Amino acid sequence: MAKVFIYPATSLILSDLVARFGHKPLGAALGIRERIQTAGVDSPPLQITPEEPKRGLKYAAVEVPSGVRGRMAIYGPLIEEAEAAVIVTDADLAFGCMGCARTDELILFSLRQSGIPILELTYPSTEEEGVQFVAAIKKFLDGLEKGGEA
């Protein structure tokens with residue numbers, strides 16, 4: 001079982017596919033769950049501790065917008081933990097919206113620089129492409145189980 005970062009990280013569909021094929025999906029739900037279940041959250045509406053902005057500085061410079069640093073405080077550790085990644089580009093908003101173009105660019109850059117196996121797919125627009133989309137994800141994830149890239 002590999003830890004697979006999913007992009008868009010908010011995609012429940014992609015998270016479910018990774019889990020169905022026997023791997024652990026790493027996405028927004030996991031990162032956010034850790035934040036809200038951790039004792040010491042001082043600002044319930046914001047769900048952050050005073051340390052969160054500092055953690056974001058590890059992944060994004062102080063000059064970038066604070067929202068990017070905040071998001072990277074969640075996604076950065078997940079990218080570091082990932083053993084593989086599935087990236088879906090040109091996805092419909094209902095598939096999983098990330099909400100910040102600059103964070104998207106930084107996440108994709110970080111993933112591509114990480115050296116982990118990555119499957120990049122374009123969001124399907126027809127039923128036939130959808131079948132091929134799921135088959136490609138299954139083949140990639142099956143390859144991870146065998147210890148190699150698909």
Side-chain angles (χ1 to χ4, degrees), residues 1-38 41 43-49 52-53 55-56 58-60 64-150:
M1 177 176 81
K3 296 177 183 178
V4 180
F5 187 88
I6 58 169
Y7 178 89
T10 57
S11 175
L12 295 176
I13 296 168
L14 197 50
S15 180
D16 183 63
L17 279 173
V18 170
R20 281 180 192 239
F21 294 125
H23 297 282
K24 180 179 179 183
L26 300 176
L30 183 64
I32 292 170
R33 186 177 123 208
E34 288 175 17
R35 298 307 181 282
I36 61 174
Q37 289 184 339
T38 302
V41 175
S43 309
L46 302 176
Q47 301 297 349
I48 64 170
T49 66
E52 290 294 319
R55 273 189 221 125
K58 179 178 179 182
Y59 307 101
V64 302
S66 60
V68 173
R69 285 193 313 274
R71 288 178 181 93
M72 288 308 294
I74 293 173
Y75 298 128
L78 296 175
I79 292 170
E80 287 180 359
E81 185 180 351
E83 298 167 338
V86 176
I87 297 172
V88 178
T89 58
D90 301 325
D92 184 87
L93 289 177
F95 187 73
C97 176
M98 294 289 288
C100 178
R102 297 298 167 244
T103 304
D104 289 355
E105 292 173 4
L106 186 52
I107 287 171
L108 292 174
F109 176 79
S110 298
L111 285 169
R112 290 177 180 136
Q113 296 299 310
S114 69
I116 61 175
I118 297 174
L119 173 66
E120 291 194 48
L121 299 168
T122 302
Y123 184 74
S125 57
T126 66
E127 186 174 339
E128 183 180 324
E129 288 176 2
V131 170
Q132 293 170 352
F133 176 83
V134 173
I137 291 172
K138 182 181 184 328
K139 181 179 177 186
F140 175 75
L141 295 174
D142 285 347
L144 295 176
E145 289 178 335
K146 296 172 189 146
E149 291 183 49

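This is a predicted model, so every value here is computed, not measured.
Of all non-hydrogen atoms in Leu78 and Leu26, the two that sit nearest each other are O-CD1, 3.5 Å. For the pair Val88 and Pro8, the tightest heavy-atom approach, listed with the atom from each and the gap, is O-CD, 3.7 Å. Shown here for Ala28 and Tyr75, the closest heavy-atom pair between the two residues is CB-OH, 3.6 Å. Contact detail for Ile79 and Met72: the closest heavy-atom pair is CD1-CE, 4.5 Å. For the residue pair Ile116 and Ala82, the shortest heavy atom distance occurs at CG2-O, 3.6 Å. Closest of all the heavy-atom pairs between Leu119 and Ala136 is CD2-O, 3.7 Å.
To the nearest 0.5 Å, atom OH of residue Tyr7 and atom CG of residue Leu111 are 9.5 Å apart. How far CG of Leu12 is from OG1 of Thr10: 7.5 Å, rounded to the nearest 0.5 Å. With rounding to the nearest 0.5 angstrom, the CG atom of Leu121 is 5.5 Å from the CZ atom of Phe133. Rounded to the nearest 0.5 Å, atoms CG (Leu141) and CZ (Phe21) are 7.0 Å apart. Taken to the nearest 0.5 Å, the CG atom of Leu17 stands 8.0 Å off from the CD1 atom of Ile13. Annotation: the span from Ile107 atom CD1 to Arg71 atom CZ amounts to 9.0 Å, rounded to 0.5 Å.
Proximity of a side-chain donor or acceptor of Arg69 to a complementary backbone N or O of Val64 within less than 3.5 Å is detected. When atom types are taken as modelled, the side chain of His23 and the backbone of Ala2 share a donor-acceptor pair closer than 3.5 angstrom. Although no hydrogens or angles enter the test, the distance criterion places no donor-acceptor pair under 3.5 Å between the side chain of Ser15 and the main chain of Ser11.
Using a 4.0 Å cut-off between charged side-chain N and carboxylate O, Lys3 and Glu80 make no salt bridge.
When side chains are defined from C-beta on, Ser114 does not count as touching Phe5, because their heavy atoms never get closer than 4.5 Å.
Considering only residues two or more places apart in sequence or on other chains, Glu83 meets the salt bridge (charged side-chain N to carboxylate O under 4.0 Å, His left out) condition with none of them.
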